[in-house]
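Just the heavy atoms: all of them, side chains too, but no hydrogens, waters or symmetry mates, feed the values below.
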Amino acid sequence: TEVKLFYFDPCSTIFSLLSHNLGITSFYPELDHCPDYGYRFYNITTPYIDPYNNYIYLPNGGHSCVSKVFFETNEALLLNNGEWAWLSFPRLDRDGNDPVVVNDVLYGENNENIDPNDYINGSRLENLPPNNDVIKYNIFNNDIWQPSGELSDIQSTLGYKLKLDYYPQYYGDKWLHLKGNVLDPTENITIFSQYDNWVGYWLYETQSPFDAIPDNVLNELTSIKAQFWSCVKEWHSPEGNPQPYWMCACHQSGISLNYGDMVILRTNSYLSFQWQRYGNPPASEEKSATEYYQYNEQADYTSFFVELDTTANPLEIGAFVGDSCIGASTVLTNDTIVLVPGYIEGMSGDVTFEEYYDSLKSNKPAIKEYLVNNNKTGTWEKRIINTVEKQDYYFVSFKNHKYDNKNLLTNEQTLISCLPNPFKDYCTIEYFITVECNVQIVVYDLYGKSLNILQEGVSEAGNYSINWTGTDSNGKPLPNGVYILKLRAGTNYAQTKVVILR
């Protein structure tokens, strides 16, 4: 018999029959009249949900017939438990990427779109419009998000910052209920030169930003910043030949893009692109929030990339202005670079750091002298940072040894090269890492499609070389053309182009 679809309400434990006649189409004709009655338990018969078009595909019994059922959505997006949430609105009740009124999205008909809904006046939604440097906002006031506010509507391609105030202060989970349609994955995003571009991420694929962003766009970006991680492009000059690489670090969740995230992209070019799909999230250990150092989260932060100087890492590291903690991060055993967020708005003074080990160890005194890398010259200077400088990011080192000013950070020399280039029959790929970490080398085409994984696994620090004959993952020779070799070593990234000319 045909499959029947029921609705189940977990709050009332009631089943309701939605439809008797769902309609049948043949989806897997090669499996029609399969003699194996166990076929109905195969993974291939698992119902498939298409979130972009709001359809459920339900296999019928032991054959390849499939029922296609439309559903209306009420999808709950979990917000972080801090004061602010950097987010996007992937699912909206709209046509295409048309804007939707803020109050319709956040409030709804009966204030049912945010749970718990007893947030109070002063709650705030912010957005930086494209090609602009003035943030616009909307304030919750008198039981409504102001329809005449500076920020009147919402679009899925844009990123937002949401602060929900509760009285008394609420520290539990907060949920945003999304209704309507998810934006088409192929929708274009436009970013502008020399601006902070607040960009929404609406794909259901959790993946590395270096898979989600096309290579031609990565080549033009200077930084990628999310709420809990940051990546900055730097340059290394071996033998006078500058090569770019990305340095990334997180202070809570791992370096990945998730459904409903927003990121801030900076570039030196005007660009239009589409998110790429079907990449993989990087293998990284999640960090929990700090317990020893407490600070007040603000809408934005300054990135302090701190290089540690110890064989036994502290448990936490905090940044201070005077006696006030302005940000902190937990430290993992294998960390060499830690991202400490600096929430310095309204603060004035010098920035110092502290390291916390545990209650049994004597903690080190405040670090008031450290090395700061000059972002313009690439040289290291022994000085102290002051909040009036207002740089987007800083590279800080607690190490005492002298630095080779031709390099940025000694543990960031994660470089990859290929010789000969172009090549006909085979090439030798050389790469160098300075700390033991998980290493992956992947071949991509110019459209961002993964073609072959040449190396994957944990490697010790050192120089390595592998030979590649210009084949894909099935051993078939790739056609003549330009390809990208992308190296991941821990949280560091480097890439180079290679040309096959047979």
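- With hydrogens and angles disregarded, a donor-acceptor distance shorter than 3.5 Å links the side chain of Asp184 to the backbone of Thr186.
- Relative orientation of the Tyr370 and Phe353 rings is perpendicular, given thresholds of 30° and 60° on the angle between their planes.
- Using a distance-only test at 3.5 Å, with no hydrogens or angles considered, a donor-acceptor pair links the side chain of Gln207 to the main chain of Gln276.
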Full working for side-chain hydrogen bond (donor to acceptor under 3.5 Å, both in side chains) between Ser193 and Asn268: CA-CA 5 Å; Ser193 174; Asn268 292 323; 5.1 Å; no

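- Residue Ile344 comes nearest to Ile326 through the heavy atom pair CG2-CD1, 3.5 Å, listed as atom of the first residue, atom of the second, then distance.
- Every residue meeting the salt bridge (charged side-chain N to carboxylate O under 4.0 Å, His left out) condition with Glu75, not counting sequence neighbours, appears here in chain and number order: Arg91.
- Tyr295 has its ring centre less than 6.0 Å from the ring centre of Tyr343.
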Stepwise side chain to side chain contact (heavy atoms under 4.5 Å, CB included) check, Asp392 with Thr302: CA-CA 6 Å; Asp392 292 334; Thr302 298; over 6 Å; no

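- Taking 4.5 Å as the limit, some side-chain heavy atom of Asn197 sits within range of a side-chain heavy atom of Phe192.
- Side-chain atoms of Asn127 do not come within 3.5 Å of backbone N or O of Lys161 as any donor-acceptor pair.
- Atom CE of Met262 and atom OG1 of Thr157 lie 12.5 Å apart (nearest 0.5 Å).
- Note: Leu487 CG to Ile429 CD1 = 10.0 Å, rounded to the nearest 0.5 Å.
- No side-chain heavy atom of Glu316 sits under 4.5 Å from any side-chain heavy atom of Val331.
- Ring planes of Phe89 and Tyr160: perpendicular class, angle over 60° (limits at 30 and 60°).
- The number of heavy atoms from other shown groups lying within 6.0 Å of OH (Tyr426) does not exceed 12.
- The minimum heavy-atom distance linking Gly200 with Ser88 is given by the pair CA-CB, 3.5 Å.
- Taking both residues in full, the closest heavy atoms of Cys250 and Ile255 are given as CB-CG1, 4.2 Å, listed atom of the first, atom of the second, then distance.
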Per-pair distances, 0.1 Å, donor-acceptor, side chain in residues 218-229, under 3.5 Å, sequence neighbours excluded:
residue	atom	partner	partner atom	Å
Asn219	OD1	Gln495	NE2	3.2
Asn219	ND2	Asp215	O	3.3
Glu220	OE1	Ser269	OG	2.9
Thr222	OG1	Arg266	O	3.3
Lys225	NZ	Asp300	OD1	3.0
Lys225	NZ	Tyr301	O	2.4
Gln227	OE1	Trp86	N	2.8
Gln227	NE2	Trp84	O	2.9
Gln227	NE2	Glu297	OE2	2.9
Trp229	NE1	Ser256	O	3.3

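- Between Trp468 and Phe423, the distance from one ring center to the other falls under 6.0 angstrom.
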Intermediate values then yes/no, side chain to side chain contact (heavy atoms under 4.5 Å, CB included), Tyr393 and Leu339: CA-CA 10 Å; Tyr393 63 90; Leu339 174 65; over 6 Å; no

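- In summary, the aromatic rings of Trp202 and Tyr204 are positioned with their centroids too far apart to meet the 6.0 Å limit.
- Using a 4.5 Å cut-off on side-chain heavy atoms (C-beta onward), Ile135 and Trp198 make contact.
- Formation of a donor-acceptor pair under 3.5 Å by the Asp472 side chain with backbone atoms of Asn474 is found in this model.
- A donor-acceptor contact under 3.5 angstrom links the side chains of Asn181 and Asn54, judged on distance only.
- Open room surrounds CD on Glu291; 12 or fewer heavy atoms of other groups in view lie less than 6.0 Å from it.
- Between the side chain of Asp261 and the backbone N or O of Asn258, at least one donor-acceptor pair lies under 3.5 Å.
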Audit row: Trp246, Val232, side chain to side chain contact (heavy atoms under 4.5 Å, CB included) steps and yes/no: CA-CA 6 Å; Trp246 286 91; Val232 176; 5.6 Å; no

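- Side-chain contact between Val439 and Arg488 is absent, with no heavy atoms from C-beta onward closer than 4.5 Å.
- In terms of modelled atom types and a separation under 3.5 Å, the side chain of Trp380 and the main chain of Val396 share no donor-acceptor contact.
- Counting all heavy atoms, side chain and backbone alike, Ser156 lies closest to Leu183 at CB-CD2, 3.7 Å.
- A donor-acceptor pair under 3.5 Å links the side-chain atoms of Asp335 to the main chain of Leu332, judged by distance alone.
- Atom CD1 of Ile416 and atom CG of Leu485 lie 5.0 Å apart (nearest 0.5 Å).
- Thr290 places no side-chain N or O within 3.5 Å of a backbone atom of Tyr292 that could act as its donor or acceptor partner.
- Without hydrogens or angle criteria, Asp50 side chain to Ile56 main chain gives no donor-acceptor distance under 3.5 Å.
- The environment of CD in Gln391 is crowded: more than 12 heavy-atom neighbours from other residues, nucleotides or ligands sit within 6.0 Å.
- Contact check for Leu78 versus Asp173: side-chain heavy atoms found under the 4.5 Å cut-off.
- Closest heavy-atom contact between Leu501 and Pro422: CB-CB, 4.2 Å.
- Between the CG atom of Leu203 and the CG atom of Leu257 there is a distance of 9.0 Å, given to the nearest 0.5 Å.
- The CD atom of Gln252 lies 10.0 Å from the NZ atom of Lys287; values are rounded to the nearest 0.5 Å.
- Using a distance-only test at 3.5 Å, with no hydrogens or angles considered, a donor-acceptor pair links the side chain of Gln155 to the main chain of Asn97.
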Verdict with supporting geometry, Asn463 and Glu430, side-chain hydrogen bond (donor to acceptor under 3.5 Å, both in side chains): CA-CA 7 Å; Asn463 292 288; Glu430 296 184 346; over 6 Å; no

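- When side chains are defined from C-beta on, Phe305 counts as touching Met247, because their heavy atoms get closer than 4.5 Å.
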Residues Phe395, Ile337; criterion side chain to side chain contact (heavy atoms under 4.5 Å, CB included); working and verdict: CA-CA 10 Å; Phe395 294 115; Ile337 301 291; over 6 Å; no

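- Residues Val340 and His251 form no side-chain contact, since every pair of their non-hydrogen atoms from C-beta on lies 4.5 Å or further apart.
- Contact annotation: the side chain of Asn313 approaches that of Leu308 to within less than 4.5 Å [non-hydrogen atoms, C-beta and beyond].
- Thr428 and Asn467 share a side-chain donor-acceptor pair at under 3.5 Å.
- To the nearest 0.5 Å, atom CG of residue Leu478 and atom CD1 of residue Ile500 are 5.0 Å apart.
- Cation-pi check for Lys486 over Tyr444 is met; the charged atom lies under 6.0 angstrom from the ring centroid and within 45 degrees of its normal.
- The shortest heavy-atom contact between Leu178 and Leu77 is CD1-CB, 4.1 Å.
- The SG atoms of Cys231 and Cys248 lie less than 2.5 Å from each other.
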